[in-house]
There are 2 protein chains.
Amino acid sequence: MSLRFGMLGLLCYQDMSGYELKKTFDTSLQFMWNTKTSQIYRELQRMEEQNHVTSSVEVQDKKFDRKVYSITNRGRDAFHEWVNKFPKNLIAPIRDEFIIRVFFGEQIEANNLTFEIQRFKKQQEEELETILFIEKEAEKSAVEERLEDSLFYWLLTIKRAKKGIIAEIDWANEALELIKNKGREEQ
Amino acid sequence: MSLRFGMLGLLCYQDMSGYELKKTFDTSLQFMWNTKTSQIYRELQRMEEQNHVTSSVEVQDKKFDRKVYSITNRGRDAFHEWVNKFPKNLIAPIRDEFIIRVFFGEQIEANNLTFEIQRFKKQQEEELETILFIEKEAEKSAVEERLEDSLFYWLLTIKRAKKGIIAEIDWANEALELIKNKGREEQ
DNA sequence: AAGTTATATATAACTTGTTGAATATAAATT
DNA sequence: AATTTATATTCAACAAGTTATATATAACTT
């Protein structure tokens, strides 16, 4: 259900098509909820069936028609209820196939693990750059669209994402060091 | 597929029933891959169909029969291939409904957000205790079952989990402070 | 003695998420 | 001029994950 409410939350800011919703997801909720475009479209259909949103087709000359979705009062109520009612367990379920492989590390060929942890570290560093970019964008759009009240909360979530990534990079450095020393001892 | 390979990895250590597999998951892979018992049983069926495991029913007097699964050579090969072939993208997808709510924080009633972040912090602190317990258990069973080679990698993943949790607690403290100050300014 | 909780096993129904493909235009590149 | 890439929309098939339920014994609590 969280996908639905993430979408409803974004539709509170403004009306959007499925495509725009996906793009907005990618520059805001991306680091708290992953989703594929196909899932967005399917969910929009269901949301329309359940009157959480309405759609209107906007005819554009030469281009595709845009199907633009608006949140309904019913949708707003449902969102408001959801956002105020937190689940019992606040720790997010984890599904991380990288670290499972590390767990079974004695079955990984010697240099392969080092190589993959280095790659992991690089990807986390890139992710940090992405977050920094998103932070700037958030600040810009808060001013442009008069969403200064929202910005405070956006920045809270960005701060958390940053800390998480820094912890990953920190771990990767320590892990690489430990593996190097282990190799040395075993000579 | 990662669930399957997590299960195969554990079955490399020893034969187990579905119930035991779930319990082992909960004290080892729990903080990298969540799963429900029902999923374990269904996956075992499929794994048997595809000859990654075989089962034999162990009759016990008075108690339920135990259906004990063993990894096959085919299963071992499949696992070995999987554990050595890392995915292109090493960053795990995230699905965290707690932090989405924080993102839309201006729609949360005043004291509710503070209350929920405090609850989040407490749950993370408990999770840290759990990890510490798992760490001790890992060290114990490594000695008892002569899995000292594995222990090194287990501890790597535990180290990572710890760092992640500490980052969460750290964020929660900062967030609570920021929210307190924000409230003060707005008076 | 009765009720509850933990252990132990498993299936069915449902919901959610992923993969891959189909369709079509505009803009950029070779 | 032809090809590729980006924009834009959607659906069908499949895989994975969740919820609810059923069964049964042992151990513990009231």
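Excluded from the calculations below are hydrogen atoms, water molecules and symmetry mates; all remaining heavy atoms, backbone and side chain alike, are included. Each chain gets a letter, A, B and so on, in the order its sequence line appears, and its residues count up from 1.
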Near-ring test Phe104(A)/Phe5(B), centroid separation under 6.0 angstrom
no
Closest to the Lys23(A) side chain, choosing from dT9(C), dA8(D), dT16(C)
dA8(D)
Below 4.0 angstrom from OP1 or OP2 of dT18(C), is there any side-chain N or O of Arg95(B)?
yes
Does the structure place the NZ or CZ of Arg119(B) under 6.0 Å from the centre of the six-membered ring of Phe86(A), at an angle of no more than 45° from the ring's axis?
no
Regarding Arg4(A), tell me which of base, sugar-phosphate or nothing describes its non-hydrogen contacts under 4.0 Å with the strands shown.
nothing
Tell me if the side-chain of Ser17(A) makes a donor-acceptor pair with the base of dT9(D), cut-off 3.5 Å, by modelled atom types.
no
Among dA16(D), dA8(D), dT9(C), which nucleotide has an atom closest to any side-chain atom of Tyr19(A)?
dA8(D)
Check whether any side-chain nitrogen or oxygen of Lys36(A) sits under 4.0 Å from OP1 or OP2 of dT19(C), and answer yes or no.
yes
Against the side chain of Gln45(A), the closest entry in dG17(D), dT7(D), dC11(D) is dC11(D)
With no angle test and no hydrogens, is the base of dT10(D) tied to the side chain of Thr37(A) by a donor-acceptor pair under 3.5 Å?
no
To the nearest angstrom, the CE-P distance between Met16(B) and dT7(C) comes to 17 Å
If the cut-off is 4.0 Å, is Gln39(B) near the phosphate of dA16(D), judged by side-chain N/O to OP1 or OP2?
no
Is the shortest side-chain N/O distance from Lys22(A) to OP1 or OP2 of dA8(D) below 4.0 Å?
no
In whole Å, what is the span from the NZ atom of Lys67(B) to the P atom of dA24(D)?
18 Å
Could you state the atom-to-atom distance from OH of Tyr41(A) to P of dG17(C) in whole Å?
18 Å
Please find the pair of heavy atoms, one from Ile117(B) and one from Ala175(B), that lie closest to each other, and give the distance.
CD1-CB, 4.3 Å
Heavy-atom distance under 4.5 Å between the side chains of Phe31(B) and Ile99(A), does that happen here?
no
